[in-house]
Each structure stands twice: as structure tokens, then as C-alpha cells.
Peer 1: 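One structure, as C-alpha cells, below. Some questions next.
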Amino acid sequence: MELLCALRDAIAGHANLYAVDLLHRDVSYHNILLGGPHAKPGYRGLLIDLDISARISRLTPERSMAGSPRTMSIAILNNILNRGGGLLLLHDHLDDLEAFLYVFGFIVHSYNGPGEFNPPSFIVDWMDAKTPQAHQLLKSVYLLRPDPTPDEEIQPFWSDTTIGLYVQFYTFIRRIAAEKERVRLWRHLTDEEREEILDGMRSNVDSHYDFALGIFDRAIQTLNKSKEEEADRAPLSMMKMNKGLNEKNISVALTKPASLQTQDSSSIEVGCN
């Protein structure tokens, strides 16, 4: 359950950044730190490293690589691969939420308990991928294939509640990623129609965060009430992460939102109460 609490508070912290016109743009395994097994709600982790964060009001579509390719969204990878003057999509909060899915997926597919790192072949492929083309292809197969099976190859360590949450989050992100791909690829859409669709998606930012936080909150409540899987309660900090990944501490910690307004953006601690 520590994993769910950490990711939940990380997403809440990301929303608090968005509220003060900052987009993180580098959600990854490296940048979510556990708050500890006894941390209070709202202080269960820390979303760190704002080195490439940007003011949302100043963002423009670009081909540059911002973030870790392993957790980069399909839309942003397609921007990087754009060589023919095609449509470039603005990096938005939905791309970062997609990155949270990849962090979540990496863990539940790869770890069968503390110290038991046993990734399936497709995760190994993700880890070994060296180019944006490879990352784009692997993610498209995983997220956009016609017959998705997100619950396959999840390690048996994880409870039914955790798996159900992952499937819900996957389905939510899959729908968004597919819509962005539709906008990018459908040639009969005018530029104005594309922008109208994308602006409509981005304008629902509050409902996107509310949905994501809601499904995490319900899963956490279920685990608290039922205690259905003691294994889910083993501290994630006990897990020996693969040394070659530098993905040691998966977590999220938050201070009060007021700190966002007084600190420099390079050292903001993201709060949620």
C-alpha cells in the first residue's frame, strides 16, 4: 500500500505545481521519493527535481527532449521523431500523468516482493531501449494496441485492489493517449479543429486530477479496510532496486502549498493536505 500512497501524493503534488503555473515535465522513477512507512497522509513522499520544469503559460510545442525517455509520453516521443514539419503537440499535464502510469507499471510488472526483481521481457526491452524510436514503438504496443491486457504479467505479489487500480489508471491514460494520436494523425482535421480538440482536453485539467486521485483514494481505502494483502504493506524501501537503473527510492513527499509561492522553482517541495 505504501506504493499507492506515494504515487497518490505525487500526483497531488503535481497538481499543486500546475496550480501555480508549473509543469514538472520529468516524472520518473528517479524523481519520486518515499516518505517512509509511517509518514502521514500528504507527507508520504516527495516529487523532486524541477530542473526542467516550465511555466505553463510560456510553453510552446517543441521537438526537444524533456524528461526521461523511459517514462516519456507517446505524444512527446512523436514530437522528437517529427522530421517532416508535422503536428507538434504541446507538453501538458496529461503527458506527465502518462509518465506516472509508466512508473506504476514498471513496479507492478517487475517486483514480486522486497528484493525480488523479475521483469517480464517487455520491461527488459524498455530498459534496454536506446533511441526515441524504440521507446515510442514499445510504448505504442503496450498502450495503444487494439487488444490491451494491462493486467497480464503483473507480479503475484500485488493485491487484486492494486491490480484493479492499475487497470483503471491504464484505461484512463490509454483513452487520452489514443485521442492525442487521433488528432495528430487524422489528415482531414484542420489546424483549427486540432487545436479545438486539444484545448478541450487540456481545459478539463481539474477533472483529470480528480479522477486520478479518486481512484487511488478508493484503492487505498479498500486496502485499509480489508487488509486483504499483507504483502502490499511491506515497505517499498526494502526493495533492492536494479543497480543499473538508479531507480532506488520510489516516492513522493509534500509540504504545504504556500511554500510554492515563496520558494524558487528549482527547489520547491510540492504540498498536499
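Position 1 is the first residue of the sequence; numbering continues from there.
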Peer 1: What verdict does the salt bridge (Lys or Arg N to Asp or Glu O under 4.0 Å) test give for Arg145 and Glu152, after you've listed the backbone C-alpha separation in whole Å, the side-chain angles of each residue and the deciding distance to 0.1 Å?
Peer 2: CA-CA 14 Å; Arg145 62 186 180 184; Glu152 284 190 359; 5.1 Å; no
Peer 1: Taking only residues at least two apart or on different chains, which pairs with a member in residues 94-103 satisfy side chain to side chain donor-acceptor pair (under 3.5 Å)?
Peer 2: His14-Asp96, Ser73-Asp95, His91-Asp96, Asp95-Lys180, Glu98-Tyr102
Peer 1: Quick one: do Asn118 and Asn112 satisfy side-chain hydrogen bond (donor to acceptor under 3.5 Å, both in side chains)? Show the steps, please.
Peer 2: CA-CA 7 Å; Asn118 185 32; Asn112 194 31; over 6 Å; no
Peer 1: How far does CD1 of Ile74 sit from CG of Asn79, to the nearest 0.5 angstrom?
Peer 2: 12.5 Å
Peer 1: Linking directly or through intermediates, with side-chain heavy atoms under 4.5 Å: list the remaining ILVMFWY members grouped with Leu137, chain and number order.
Peer 2: Val141
Peer 1: Could you note down all residue pairs passing side chain to side chain donor-acceptor pair (under 3.5 Å) where residues 166-177 supplies at least one of them, sequence neighbours left out?
Peer 2: Tyr142-Tyr166
Peer 1: Just by modelled atom types, is the Thr71 backbone N or O under 3.5 Å from a matching donor or acceptor in the His135 side chain?
Peer 2: no
Peer 1: How close do Leu143 and Ala177 get, heavy atom to heavy atom, and via which atoms?
Peer 2: CD2-CB, 3.8 Å
Peer 1: Hey, what's the ring geometry for His93 with Tyr18, parallel, tilted or perpendicular (30° and 60° as the breaks)?
Peer 2: perpendicular
Peer 1: Say you draw a straight line from CG of Leu165 to CZ of Arg8; how long is it, rounded to the nearest 0.5 Å?
Peer 2: 12.0 Å
Peer 1: I'd like to know whether the aromatic ring centres of Phe100 and Phe216 sit less than 6.0 Å apart in this structure.
Peer 2: no
Peer 1: Do the side chain of Trp158 and the main chain of Tyr111 share a donor and acceptor less than 3.5 angstrom apart?
Peer 2: yes
Peer 1: Indicate the ring-plane relationship of Phe172 and His208, choosing parallel, tilted or perpendicular according to the 30° and 60° boundaries.
Peer 2: tilted
Peer 1: Give, for atom CD1 of Ile176 and atom CG of Leu97, the distance between the pair rounded to the nearest 0.5 Å.
Peer 2: 6.5 Å
Peer 1: For Glu179, is there any backbone N or O sitting under 3.5 Å from a side-chain donor or acceptor partner on Arg184?
Peer 2: no
Peer 1: So Leu89 and Asn78, side-chain contact (heavy atoms from CB on, under 4.5 Å) or not? Walk me through it.
Peer 2: CA-CA 9 Å; Leu89 301 186; Asn78 280 326; over 6 Å; no
Peer 1: Within the distance-only criterion (no hydrogens, no angle test), does the side chain of Arg194 pair as donor or acceptor with the backbone N or O of Val183 below 3.5 angstrom?
Peer 2: yes
